[in-house]
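These notes concern the structure reproduced below.
In the text below, chain A, chain B and the rest are named by the order of the sequence lines, each starting its count at 1.
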There are 2 protein chains.
Amino acid sequence: MTLLEKAKLAKQAASQMVALTTEEKNQALLAMADALEGNIPYILEANAKDIEAAKQANVTDALIDRLALSETRIHDMAEGLRQVVELEDPIGEVLEAWDRPNGLHITKVRVPLGVIGMIYEARPNVTVDATGLCLKAGNAVLLRGSSSALFSNQALVKILCGALTHTKVPEEAVQLLEEGTREEVNKMLKMNEYLDVLIPRGGAGLIRSVVDNASVPVLETGAGNCHVYVDESAKPDMARDIVVNAKTHRPAVCNAAETLLVHESWAKEYLIDLLTALKEKNVELRGCERTRKLAGDIGIVEAKEEDWGNEYLDYTMAVAIVDSTDDAIAHINRYSTKHSEAIITESEENARAFQKRVDSAAVYHNASTRFTDGFEFGFGAEIGISTQKLHARGPMGLPALTSSKYVIYGTGQIR
Amino acid sequence: MTLLEKAKLAKQAASQMVALTTEEKNQALLAMADALEGNIPYILEANAKDIEAAKQANVTDALIDRLALSETRIHDMAEGLRQVVELEDPIGEVLEAWDRPNGLHITKVRVPLGVIGMIYEARPNVTVDATGLCLKAGNAVLLRGSSSALFSNQALVKILCGALTHTKVPEEAVQLLEEGTREEVNKMLKMNEYLDVLIPRGGAGLIRSVVDNASVPVLETGAGNCHVYVDESAKPDMARDIVVNAKTHRPAVCNAAETLLVHESWAKEYLIDLLTALKEKNVELRGCERTRKLAGDIGIVEAKEEDWGNEYLDYTMAVAIVDSTDDAIAHINRYSTKHSEAIITESEENARAFQKRVDSAAVYHNASTRFTDGFEFGFGAEIGISTQKLHARGPMGLPALTSSKYVIYGTGQIR
């Protein structure tokens, strides 16, 4: 089947999905979960082919780890689907309702988006996680995974769709784009007639390429050049705990901190202790001139201009001393990717100014940036973390996969 | 100043705007309104240059009418700004708030979008209307009007910015792109670093071009191929009144109906009367084969395939007979631009099915499509009518010009 045929089928399926009940969608998710667990050898066999090809292509161990499935990982995917069953169905919720003087009753109702195009890299679990969330929110999904995971994705989608045949969710609601050529993907980016939104998940290059080339609306996810600012009045222990946690708890994820900003008068007293704590966790520090003057003898590389904009995703941190909360805000608004930032301070005034004027999806007072996450926020699951300002910002749960429409009740009104 | 310089200034201004109070923004709007009314001769003089150039270029009278300002129209623009003052300020509203078991207090707060790029045609009043709404919602705005209205727009922006110098809103918050070359506009469409959203307003060609070429997120507005479906049980008088109103009340606007669908058993009894009423209003009818068989002798042109997708914006209407509500829904979901559709029926069951399954921004039961409008919905003013599903759908009031962010209060939490 061509991309166009798959997109058409997905659109048809989406038009049936809007009429399904929560119960019907949940039954489909449970059937999918059971089918995954009932076909573990089949999935692992397909996955082995991907792993073998990846090894022959000499990819990194990290990439192979992201690609590799195991019995446990398959159970985890199935469990993930069962958790989505537990989530509240957002569809049909009346968001607003009011009457007009002419007697019209206007309601704003939550509806599915329609067809969601997922474009993602390596990890095959995204195939299952994204499908579960999209279907629960009443959408069809057109999946384009990495070509390096093609065998795994084909096996997973075959099992998911097979499970749907005995449910009210049409099996055409899940489509996998198997031809992964650049041309095919470029076509997908411009299918405004069939796709309602694209969600790219993966590295900065993938996301940039989708944003730059798509005419279909995009939900931009991910890149996180996150900052922690330690203000004049910060408690030293709290500052140390939060900075160390934000940097080293899991450096490879988008909500890890990349740049530390420190108020100069706090720095004079406590900076060396803080940087020593980071050093003890094997963090490489890249400091501004003032940082190096103040704490240079513990070994701090000179920060270059590009360090301020870098998402290291590693045990590396840029450090700058600033003169005020205003300077910290200006630095962040200049360099951040608008993901997550934190201020550590005992000053309510500075905290409120920082939270108001820092232009990022999540702005923390006295907490680690690591909390920007669907599970940590209590959403139960997320399809990604939006760093754009339209439609959804921050961790995206089921409501981000919905739209609304106005349903209006009249008795013959005309203008 | 170059486009880039203007965009940078707008972004700087936006970062100041987030901290303004409602009172400060309202004072700026009132100062702008007064300044417009205090400079009527200056504005009319500039407008006369545009009119003169348009006449020399032999443009249509309709275009000249859209371009032309008058003392009354300037008062109307000022009055529009004063009405925006009366609208509730959406900024700062706490949309959601909850506590996590770890003690984090998470709030979702409404914030400005940032910098809004408006790309629009001919009518200079958009310059004032859009500026008022953008500023009230705490945004800066980069305006790109039609080159045919350049003198008028320059005069208006000069006056608006001049009025801002005595207020807390920075005058850099309103920027006009004066070089209207295609290259400049194409650059604007890709300024993701400086623009948070683009709103194109104008003909289908303009909107298509922006959607196809922009990498900045777009709020798609406007095109309306709206349908009225007259179901089996529709009351004949109500059906006639609504169809005639939806088609002829103001045919040139996007919420006017373009296609009439009629259930075949209703058609046998009442179609000729309904079409005769449209004929009496000078509506040209283009019918399907069954329509022409049933009512051909009152003079109905043969509808071609392209008629079903056409937004006539004129006294022309396509007419098709369908066998069921299901067929009407399928026809609409195939051809409509997802703007506004109506079902006329006494059957609650058919009405609910239609409203659930028709995939459009506004779906009416027993009312004219002409109500899809910010004022008619009670929003007070609108920046356009969104026909896409992301971020905002249907008439867009002030909330559509906002985003949200998570503001999180901790006491030292780490993961």
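Of the candidates A:T387, A:D359, A:N225, A:D359 is the only one forming a side-chain hydrogen bond (donor to acceptor under 3.5 Å, both in side chains) with A:K338.
Only the side chain of B:L104 comes within contact range of chain A, with at least one heavy atom under 4.5 Å from a heavy atom of that chain. Heavy atoms closer than 4.5 Å to chain A are found in both the backbone and the side chain of B:N366. Contact of B:A362 with chain A is made through backbone and side chain together, with heavy-atom distances under 4.5 Å. Looking at B:E376, the atoms closer than 4.5 Å to chain A (heavy atoms on both sides) sit in the backbone and in the side chain alike. With a 4.5 Å cut-off on non-hydrogen atoms, B:R334 does not touch chain A at all. Only the side chain of B:V197 has a heavy atom closer than 4.5 Å to any heavy atom of chain A. At a 4.5 Å heavy-atom cutoff, the contact between B:I106 and chain A is made by side-chain atoms alone. Looking at B:R100, the atoms closer than 4.5 Å to chain A (heavy atoms on both sides) all sit in the side chain, from C-beta outward. For B:N102, the part lying near chain A is the side chain, with the backbone staying farther off; criterion is any non-hydrogen pair under 4.5 Å. Within the 4.5 angstrom heavy-atom criterion, only side-chain atoms of B:D373, from C-beta onward, approach chain A. A:R240 does not touch chain B: none of its heavy atoms, backbone or side chain, sits under 4.5 Å away. Neither the backbone nor the side chain of B:T372 has a heavy atom closer than 4.5 Å to any heavy atom of chain A. Looking at B:A330, neither its backbone nor its side chain comes within 4.5 Å of chain A, counting heavy atoms on both sides. Residue contact with chain A, scored on non-hydrogen atoms closer than 4.5 Å, involves the side chain of B:R208 exclusively. The contact between B:N192 and chain A is made entirely by side chain atoms (from C-beta outward), counting heavy-atom distances below 4.5 Å.
Taking the six-membered ring where tryptophan is involved, the planes of B:Y406 and B:W98 are perpendicular, since the angle between them exceeds 60° and thus also 30°. The aromatic rings of B:F377 and B:F379 sit perpendicular to each other, their planes meeting at more than 60°, with 30° as the lower class boundary.
Ranked by heavy-atom pairs under 4.5 Å with chain B, the list A:G394, A:A239, A:G378, A:A400 is led by A:G378. Contacts with chain B were tallied for A:M238, A:Q355, A:H365; A:Q355 has the most, counting heavy-atom pairs under 4.5 Å.
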